[in-house]
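Okay, so here's the structure we're looking at.
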Amino acid sequence: MRDGPATCQSPSNMSHVRVRFAPSPTGFFHIGSARTALFNWLYARHTGGVFILRIEDTDKERNRDQFLNLIYDSLTWLGLDWDEGPKAGGAFGPYRQSERGEIYRAAVQKLVAAGRAYEKDGAIWFKLLGERHEVYDEHRKKTVTKVGVPPVVIQDLIRGRVERVEDEDFVIVRSDGSPVFHFVNVVDDIAMKVTHIIRGEDHLSNTSKHVLLYDGFGVKPPAFAHIPLILKSPEMGQGKMSKRDKGALIEEYQQRHFLPEALVNYLSLLGWNPGDNREKMPIAEIVQLFDLPGVNQSNAKFDGKKLGHMNMLYLLEQPADRFADLAREYFRQQPGGFAALADEAYFREVMLLAQPKIKSIDELAAYTVYFFADDFPIDAKVKEKVMAKGDPKARLDELLAALPAADFSSDAAIEEALKRLATEKGLGFGDYQAVARLAVTGTNAGPSITAIFRVLGKERVLRRLGAFLAGN
RNA sequence: GUCCCCAUCGUCUAGCCCGGUCCAGGACACCACCCUUUCACGGUGAGAACCGGGGUUCGAAUCCCCGUGGGGACGCCA
């Protein structure tokens with residue numbers, strides 16, 4: 001205490017963890033990429049380290065600006081802010097590999113000078129050290145040169161010790177002069193002082209090449225943490241989830257107006273858990289508890305239903321103002337959605353009724369049609385069922401006779417009026433509720449009938465009851 | 001085909017490292033009931049798993065081996 005606040009943040013306390021997320025803009029941004037980005041971000045935030053975004057755009061053929069923007073948009077939407085990278089700057093830039101040509105050329109020269117790289121067929125190859133012999137590869141249907149080398153040992157933070165034999169020279173610069181992934185990846189991780197490489201398990205087999213390259217540069221490799229993959233759900237089929245699978249794209253959830261915090265929470269639980277039974281957790285708490293040794297080793301299947309449930313949990317607890325904001329944005333993009341937004345006060349009333357009932361924002365239009373249009377659809381099945389029970393037309397008549405004198409100023413007043421009517425006729429509330437709901441909303445699902453009456457207003461309710469009776 | 005990783009309810013997982021407290025806990029989904037003015041929410045309950053075989057041990061979901069299954073990698077893609 002007597003040291004004062006100035007010494008609280010001593011340099012020895014400061015983390016020097018540097019992690020990076022290194023996507024390539026060659027396709028849509030999907031769940032798997034998002035989860036890898038998330039785990040890197042979580043680790044950076046947990047340790048007080050630095051989260052770097054690096055764009056691996058060395059594949060000129062397949063790069064698209066559209067995909068690049070999608071990376072920025074998706075990360076931003078998810079709340080995964082990067083400390084260094086495009087748009088953020090940093091001391092180790094540029095952060096797009098397409099702009100780092102000089103750095104790679106120098107790195108190649110270094111390896112060539114050290115006798116660890118050579119040219120063949122116009123490409124530059126990384127040279128393994130050891131005895132060479134030719135062998136025919138059945139799988140690849142060609143003769144390859146094997147090098148007698150000891151296995152590469154990888155110390156993985158999640159998987160422990162992994163051994164793998166890497167026994168062939170491999171290309172680091174293509175014959176067109178462009179450097180390949182393995183090479184630029186390692187060069188950049190060295191240049192950007194990356195301390196922990198957190199990536200999908202599909203890269204585990206590549207890691208032996210990477211370790212060899214670090215060795216070639218005379219640099220000690222960083223810590224590796226290969227996280228489990230996200231597989232297709234049983235309905236989607238077999239194998240790891242790909243961008244082509246339904247529900248695999250971050251963009252989809254953004255368009256469906258899912259809450260990003262719900263998606264992030266769900267994703268954090270794929271391969272990690274807080275150690276107790278909690279699932280819905282604020283991001284700050286996840287940051288606090290997340291650590292690499294806590295990550296699972298086995299792949300997880302994506303479950304859209306559970307994501308939906310998480311989304312509902314978050315939706316339920318949103319303040320009315322934020323819910324209205326989200327809903328407004330949604331209706332603006334909805335065909336004909338302007339009708340819902342015509343009267344702000346009325347819109348807010350309807351949203352108050354809808355919020356506790358829906359599971360996701362994109363159900364809103366269908367759930368609230370009858371509040372905003374008189375030509376709402378009538379559910380044929382529900383109609384058949386309701387009209388077959390008791391004497392619904394008589395109930396409608398009675399409603400039409402009793403309601404004009406009723407007080408519509410509050411749910412309680414409407415409830416009282418309806419109950420009085422029911423008692424008078426020796427019937428139950430339910431005898432009126434079902435048919436009234438059908439006539440006024442066209443369905444059997446929704447908020448309480450009293451709330452619907454109140455928000456719709458007496459005039460509109462009477463008009464719909466009358467019209468329904470006349471038409472049936 | 002070769003190499004690497006993995007293996008608890010249909011799914012996500014706790015437990016496994018440091019064997020007994022586990023006839024295996026939670027969540028999603030499913031079913032039943034309750035709440036109720038419909039539909040949701042919520043509540044209660046049911047069904048549902050230690051992949052198989054060997055070992056080690058007094059004792060194994062937990063440790064070891066083999067098999068099987070799942071996943072991944074074997075590109076001048078990333």
Sequence neighbours excluded, every pair satisfying salt bridge (charged side-chain N to carboxylate O under 4.0 Å, His left out) that has a member inside residues 353-372 of chain A: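 Found A:R256-A:D362.
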Give the nucleotide from the list [options] with an atom nearest to the side chain of [X].
X: A:M312; options: B:G42, B:U38, B:A78; value: B:G42
X: A:Q297; options: B:A7, B:C28, B:U38; value: B:A7
X: A:F181; options: B:A78, B:C12, B:G72; value: B:A78
X: A:E415; options: B:G72, B:C5, B:U37; value: B:U37
X: A:S298; options: B:A73, B:A27, B:C6; value: B:C6
X: A:K306; options: B:G72, B:C5, B:G26; value: B:G26
X: A:H182; options: B:C12, B:A27, B:A78; value: B:A78
X: A:N273; options: B:A14, B:A27, B:U37; value: B:A14
X: A:L316; options: B:C41, B:A78, B:A73; value: B:C41

Which part of the nucleic acid does [X] contact within heavy-atom distance under 4.0 Å: base, sugar-phosphate only, or nothing?
X: A:G446; result: base
X: A:G271; result: sugar-phosphate
X: A:S24; result: sugar-phosphate
X: A:I449; result: base
X: A:E279; result: base
X: A:T207; result: nothing
X: A:P23; result: nothing
X: A:H203; result: base

Residues within residues 118-134 of chain A bordering RNA chain B, heavy-atom distance below 4.0 Å: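 Contacts with RNA chain B under 4.0 Å: A:D121, A:A123.
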On the nucleotide [N], are OP1 or OP2 found under 4.0 Å from the side-chain N or O atoms that [X] carries?
X: A:N299; N: B:G70; value: no
X: A:R159; N: B:G72; value: no
X: A:N296; N: B:A14; value: yes
X: A:R140; N: B:G75; value: yes
X: A:N277; N: B:A27; value: no
X: A:Q238; N: B:G70; value: no
X: A:Q433; N: B:U38; value: no

In the structure shown, which nucleotide is the Watson-Crick or G-U wobble counterpart of [N], with both distances under 3.5 Å?
N: B:A14; value: none
N: B:A7; value: B:U68
N: B:U2; value: B:A73

NZ or CZ of A:K419 within 45° of A:F429 ring axis and under 6.0 Å: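 Because its charged atom misses either the 6.0 Å distance or the 45° angle limit, A:K419 does not stack over A:F429.
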A:R464 NZ/CZ over A:F376 ring centroid, <6.0 Å and within 45° of normal: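 A:R464 over A:F376 ring: no.
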Without decimals, in angstroms, what is the distance between [X] [atom1] and [N] [atom2]?
X: A:Y432; N: B:U36; atom1: OH; atom2: P; result: 22 Å
X: A:E201; N: B:C6; atom1: CD; atom2: P; result: 8 Å
X: A:K142; N: B:G75; atom1: NZ; atom2: P; result: 6 Å
X: A:D202; N: B:G71; atom1: CG; atom2: P; result: 14 Å
X: A:Y370; N: B:C39; atom1: OH; atom2: P; result: 14 Å
X: A:R278; N: B:A14; atom1: CZ; atom2: P; result: 15 Å
X: A:Y266; N: B:A27; atom1: OH; atom2: P; result: 17 Å
X: A:K209; N: B:C74; atom1: NZ; atom2: C1'; result: 7 Å

Residue met sooner reading RNA chain B from 5', once A:S448 and A:R174 are mapped to nucleotides: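 By nearest-heavy-atom nucleotide position, the 5'-most residue is A:S448.
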First encountered from the 5' end of RNA chain B, between A:A300 and A:K419: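 Upstream on the strand: A:A300.
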So for [X] and [N], does any side-chain atom that can act as donor or acceptor lie under 3.5 Å from a complementary atom in the base?
X: A:K357; N: B:C39; answer: yes
X: A:T443; N: B:U38; answer: no
X: A:S175; N: B:C76; answer: yes
X: A:K359; N: B:A40; answer: no

Considering only atom [atom1], compute the distance from [N] to [M] and round it to an integer number of Å.
N: B:U57; M: B:U62; atom1: C1'; answer: 13 Å
N: B:A40; M: B:C31; atom1: P; answer: 11 Å
N: B:A24; M: B:A49; atom1: C1'; answer: 9 Å
N: B:G42; M: B:G53; atom1: P; answer: 40 Å
N: B:A78; M: B:G25; atom1: C1'; answer: 41 Å
N: B:C50; M: B:C63; atom1: C1'; answer: 15 Å
N: B:A32; M: B:A46; atom1: P; answer: 16 Å
N: B:U37; M: B:G45; atom1: P; answer: 24 Å

Heavy atoms from other residues, nucleotides or ligands near NZ of A:K458 exceed 12 (cutoff 6.0 Å):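 Yes, NZ of A:K458 has more than 12 neighbouring heavy atoms, counting only those of other groups under 6.0 Å.
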Residues, nucleotides or ligands: over 12 heavy atoms within 6.0 Å of A:K389 NZ: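 Result for NZ/A:K389: open.
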State, without any angle test, whether [X] and [Y] hold a side-chain donor-acceptor pair at a distance under 3.5 Å.
X: A:E201; Y: A:N299; value: no
X: A:T443; Y: A:T441; value: no
X: A:T207; Y: A:H210; value: no
X: A:N311; Y: A:S360; value: no

Closest contact, heavy atoms only, A:M312 versus A:I358: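 Looks like CG-O, 4.1 Å.
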Test item: A:W82 and A:Y95 side chains (from C-beta on) under 4.5 Å apart, heavy atoms: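 No, side chains not in contact.
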Listed partners of A:D303 passing salt bridge (charged side-chain N to carboxylate O under 4.0 Å, His left out), at least two apart: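 Testing A:D303 for salt bridge (charged side-chain N to carboxylate O under 4.0 Å, His left out), a comparison that skips the adjacent residues, returns none.
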